[in-house]
Amino acid sequence: MSVSMTGSGEVAAPVESSKSAMTWGPIFGGAAAAIGVTLILLLLGSGLGLTMVSPWSGQSSSLGTLGITAAIWLVLVQWLSSALGGYVTGRLRTKWAAVHTDEVFFRDTAHGFLSWALATIFVAGFLASSLTSLAGAGAQAVGSAAQAVGSTAAAAGAAAATSSTSPLDLSIAYFTDALLRPDQARAAATSNDAAATSEVSRILLNGAAEGQVPDEDKAYLATIVSARTGLSEADARARVDAVLKRIDDAKAATQKAADEARKAASTTALLGSLSLLVGAFIAAAAAALGGSQRDAEEDLVVTSRL
């Protein structure tokens, strides 16, 4: 505290209030109001969303429509709850006497922001807890399903233990097959079905890993297909090309789906952060509006002069 001396010898000290500029009662009250409205609107949105989904084919809205609708609804929930929580905070706060209007405006906006922050933290924790519970239920269901097919999985594991499964082992097996390919591929393919099937699988796996199947492998596959199916070499080669094209199309579709999921996640994160920022601004502005309406009418104390 700075103290100054006047010309007449008197001491002048600044006036300091003994009360804190922060009032937690209105902050908690506004946060509780915002949380209650958020939960109500989320349940309402869930009910409306379930009406857009149907187990019958062709009667449900598209995934894109559902995603856009859910995003818009979450933004509206954030804004409406923030506005109500901030306004309640501003109206419930006790009027500060002998405080400059600019300082009153700042304190009101700060109270609205703190109310929004508390409500956001609570809702985020509630949603995280709900998602964790859903994940636990899903893991339990997967564990039950795994126990139901335990014998099949054990048999598959025993079979897999006898074969190479790592990328390096698969690559070595593929090059080993290339070294030991017989000159009479047709006769070898018809004499040992299991070996031919395993070799074709390794060729396709190597092609998927490398991104393409070499021409000599395509020719070898056509020879095996011709021997196993009785097709001519040209028809067998056409079948091989058609299957490889289907594999490439499936790979491209998978990459496209992954890219769309990445873009959707990025858009959701950006929209969510922007929505939170706008919600914070709305809460602060609503608190300032509530504070101005609270201070619109000034109460006067009348005392008798003796």
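Taking each heavy atom of T38 and A34 in turn, the nearest pair found is OG1-O, 2.7 Å. Across all their heavy atoms, W116 and S82 have their closest contact at CD1-OG, 3.2 Å. The two residues G30 and S115 have their closest heavy-atom pair at C-OG, 3.1 Å. The minimum heavy-atom distance between A222 and A236, with the atom names listed, is O-CB, 3.3 Å.
In terms of modelled atom types and a separation under 3.5 Å, the side chain of H111 and the main chain of A287 share no donor-acceptor contact. No donor-acceptor distance shorter than 3.5 angstrom exists from the side chain of S266 to the backbone of R262, with no hydrogens or angles considered.
With contacts defined as side-chain heavy-atom distances shorter than 4.5 Å, the pair T101/F105 does not qualify. Between L42 and L74, some side-chain heavy-atom pair lies under the 4.5 Å cut-off. Using a 4.5 Å cut-off on side-chain heavy atoms (C-beta onward), I27 and L118 make contact.
Ionic pairing of K245 and D241 is not present here: no N-O contact between side-chain nitrogen and carboxylate oxygen is shorter than 4.0 angstrom. Taking a cutoff of 4.0 Å between a charged side-chain nitrogen and a carboxylate oxygen, D235 and R239 do not qualify as a salt bridge.
By the neighbour-count criterion of 12 heavy atoms within 6.0 Å, atom CZ of R237 is densely surrounded, having more than that number from other residues, nucleotides or ligands. For W79, the CH2 atom counts as loosely surrounded, since its 6.0 Å shell holds 12 or fewer non-hydrogen atoms of other residues, nucleotides or ligands.
Residues W73 and L84 fall within the same hydrophobic cluster, defined by Ile, Leu, Val, Met, Phe, Trp and Tyr side chains chained together at heavy-atom separations under 4.5 Å.
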